[in-house]
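Encoded as structure tokens, the structure appears first; notes follow it.
Residues: numbered from 1 along the sequence shown.
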Amino acid sequence: AEGDRLVLETQAGARVELTRAQVRSLRPVAGTVRAGEVWEDDPHATRLFFAPTGRSLRGGEGYFGVYELFFPFVTLGVTDRFTLAGGTPVVPGAIGEFAYVGPKLLLVAAPRMHLSAGVFAGIFDGGTAGIAYGVGTWGDRDNAFTAGAGWGFTTGDAGDDVASRPLVMLGGETRTGRRTKLLTENYFVFGESGALLSAGVRFFGDRLSADAGVGLLSDGEETTCCLPLINFVYSFGREG
């Protein structure tokens, strides 16, 4: 920049001169350049379909999501390491009677490894049921493997079934195009033969993403197919 003139250099090496009056806005872009085209990062890389990855939002960032059309969620990066989420289902008679919360703390942040710990809990009349977990993600924002493990807990009248065995989650993501990514998220209960398996695709832009997938529920003897997975998420607080 010199006075009222701006000089831009493209990825191809071309130089473009502009006046400040010709520039409507500027914003940073996080992503990679492939064949001269900018592939922006997935704006919702802190989660798979629903399960958290080891990554964390930055302080001041957040997103509003609707999972399975009836379960809204608001997530906010309180700091670069601490994230707080919560919501209540859009079901007649349930609003105000049931809520869910999900604090998460980033413990380790390395270029290709992120480790976090958190809690996801449902709070309702008479008790609380939830899971305390640890989760790690290895890879970059385009291609990564995520593994997590947690232990259920209950209070009040919730019962103790969810607290009987540890839960393991294995998932992954791989970039397939400028605006698409394949996802998988799978749950296993330690000591049990059942599993919940899922796979699908994420379509995303600068702030909005839409997930579409299917899930299979197996109890070791029978398999139930297919459970639709439909999510819409909008981010806010990001630069740009």
Side-chain angles (χ1 to χ4, degrees), residues 41-55 57 62-75 83 85-92 94-95 98-102 104 116 118-122 129-131 133 135-137 139 141-150 152 162 167-189 192-220 222-236:
D41 285 341
D42 176 3
H44 301 126
T46 59
R47 64 177 183 85
L48 297 172
F49 284 117
F50 181 76
T53 65
R55 309 180 186 107
L57 292 171
Y63 61 80
F64 171 74
V66 179
Y67 303 101
E68 295 299 316
L69 303 180
F70 297 106
F71 298 94
F73 225 99
V74 177
T75 303
T83 300
T88 187
V90 183
V91 178
I95 296 178
F98 177 71
Y100 31 85
V101 294
K104 185 175 80 168
S116 294
V119 173
F120 179 77
I131 184 169
Y133 66 86
V135 61
T137 297
R141 292 175 73 94
D142 288 342
N143 301 282
F145 169 74
T146 293
V162 298
L167 181 71
V168 176
M169 189 280 293
L170 301 177
E173 59 200 287
T174 184
R175 190 77 171 258
T176 54
R178 187 184 179 198
R179 301 291 188 186
T180 56
K181 175 185 284 188
L182 296 180
L183 302 175
T184 182
E185 182 178 323
N186 310 285
Y187 294 89
F188 308 89
V189 178
E192 299 285 348
S193 57
L196 175 60
L197 311 176
S198 68
V201 61
R202 170 172 296 163
F203 304 92
F204 59 89
D206 179 43
R207 293 183 181 273
L208 181 67
S209 75
D211 301 337
V214 294
L216 301 176
L217 180 62
S218 172
D219 63 4
E222 297 183 357
T223 299
T224 301
C225 178
C226 296
L227 307 175
L229 302 173
I230 303 174
N231 307 321
F232 299 95
V233 181
Y234 179 81
S235 65
F236 57 85

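With hydrogens and angles disregarded, no donor-acceptor distance shorter than 3.5 Å links the side chain of T146 to the backbone of T137. K104 places no side-chain N or O within donor-acceptor distance of the main-chain N or O of A85, the cut-off being under 3.5 Å. Within the 3.5 Å criterion, the main-chain N or O of L48 finds a donor-acceptor partner in the side chain of R202. At distances below 3.5 Å, at least one donor-acceptor pair connects side-chain atoms of T53 with backbone N or O atoms of A45. Under a 3.5 Å cut-off, the side chain of R207 and the backbone N or O of P43 do not form any donor-acceptor pair.
In terms of the side chain to side chain contact (heavy atoms under 4.5 Å, CB included) criterion, residue partners of A51 (sequence neighbours excluded) are, by chain and number, M169, E185, Y187. R179 pairs by the side chain to side chain contact (heavy atoms under 4.5 Å, CB included) definition with E40, not counting sequence neighbours. By the side chain to side chain contact (heavy atoms under 4.5 Å, CB included) test, L229 is found to be paired with F49, E68, S198, residues two or more places apart in sequence or in another chain being considered. Remark: L217 pairs with L196, T224, L227 by the side chain to side chain contact (heavy atoms under 4.5 Å, CB included) rule, at least two apart or across chains. Qualifying ring pair (Phe, Tyr, Trp, His ring centres under 6.0 Å) partners for Y63, counting only residues two or more places apart in sequence or in other chains: H44. Applying the ring pair (Phe, Tyr, Trp, His ring centres under 6.0 Å) criterion to Y67, with sequence neighbours excluded, gives F50.
Looking only at side-chain heavy atoms (C-beta outward), L216 and C226 come within less than 4.5 Å of each other. Under the 4.5 Å side-chain criterion, counting only non-hydrogen atoms from C-beta, Y133 is in contact with P52. You'll find the side chain of P72 reaches within 4.5 Å of the side chain of V90, heavy atoms only.
The shortest non-hydrogen separation linking T75 to F73 is OG1-CD2, 3.8 Å. In terms of heavy atoms, L170 sits closest to F145 at CD2-CZ, 4.0 Å. A pairwise comparison of heavy atoms in Y100 and F120 identifies CB-CZ, 3.8 Å as the closest pair. Closest non-hydrogen pair, R175 versus T180, comes out as CD-O, 3.4 Å.
Taking OH from Y234 and CG from D206, the interatomic distance works out to 8.5 Å, rounded to the nearest 0.5 Å.
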query: Passes salt bridge (Lys or Arg N to Asp or Glu O under 4.0 Å), D211 versus R47? Steps please.
result: CA-CA 11 Å; D211 301 337; R47 64 177 183 85; 2.9 Å; yes
